[in-house]
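Okay, structure first, notes after.
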Amino acid sequence: MSQLETAMGMTIAVFDQYARTDGNRQTLSKAELKTLLEKELPNFLATGKDKNAIDKVFKNLDENGDSQVDFKEFVIFVAALTCCCHKYFEQNAAK
């Protein structure tokens, strides 16, 4: 598989790994999202001092208001975060 195909497969695998813990394999609950962020993106949370960060992230991701984050909502988050990282690295490379 190509690097991009591998990355896509890993995104699916990570979502599935955490989504299955509460019995609904199609969505992430707030607790599942918290565990995913703590384990898979520890630096994302570690840099912030906001104790309500998980609640804010969850609310922003849950576009349809069903108190669950589905795969589409999760992928949009990963893509947006990836764009932010790309911009950050571009700006630092220019210095």
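Everything numeric here is computed off the predicted structure, so don't read it as measured data.
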Q | Residue pair Phe77, Leu37: steps toward the side chain to side chain contact (heavy atoms under 4.5 Å, CB included) verdict | A | CA-CA 11 Å; Phe77 167 68; Leu37 293 175; 3.8 Å; yes

Q: Could you walk me through whether Val14 and Val78 pass side chain to side chain contact (heavy atoms under 4.5 Å, CB included), step by step?
A: CA-CA 11 Å; Val14 167; Val78 171; over 6 Å; no

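Across Ala19 and Arg25, no two heavy atoms sit closer than the pair CB-O, 3.6 Å. Residues Gln68 and Glu73 come closest through the heavy atom pair O-OE1, 3.2 Å. Looking at every heavy atom in both residues, Ser2 comes nearest to Glu5 through N-OE1, 2.8 Å. What you find for Phe58 and Leu33 is that their closest heavy atoms are CD1-CD2, 3.7 Å. Of all non-hydrogen atoms in Asp22 and Asn24, the two that sit nearest each other are OD1-N, 2.9 Å.
Around atom CD of Gln26, no more than 12 heavy atoms belonging to other residues, nucleotides or ligands sit under 6.0 Å away.
Between Leu28 and Leu61 the shortest side-chain heavy-atom distance does not fall below 4.5 Å. Residues Phe71 and Ile12 form a side-chain contact, since some pair of their non-hydrogen atoms from C-beta on lies under 4.5 Å apart. No side-chain heavy atom of Asp55 sits under 4.5 Å from any side-chain heavy atom of Lys59.
Of the residues Thr11, Thr6, Leu4, the one that meets the side-chain contact (heavy atoms from CB on, under 4.5 Å) test with Met8 is Leu4. A side chain to side chain donor-acceptor pair (under 3.5 Å) with Tyr18 is found for one member of Lys39, Glu40, Glu32, Lys34 and no other, namely Glu40.
With values rounded to the nearest 0.5 angstrom, Leu36 atom CG is found 10.5 Å from Ser29 atom OG.
Linking Ile, Leu, Val, Met, Phe, Trp and Tyr residues whenever their side-chain heavy atoms come within less than 4.5 Å leaves Ile76 and Val69 in two separate clusters.
By the 30° and 60° cut-offs, the orientation of the rings of Phe15 relative to Phe74 is tilted.
Judged by distance alone, with hydrogens and angles left aside, the side-chain atoms of Asp16 form no donor-acceptor pair with the main-chain N or O of Arg20 at under 3.5 Å.
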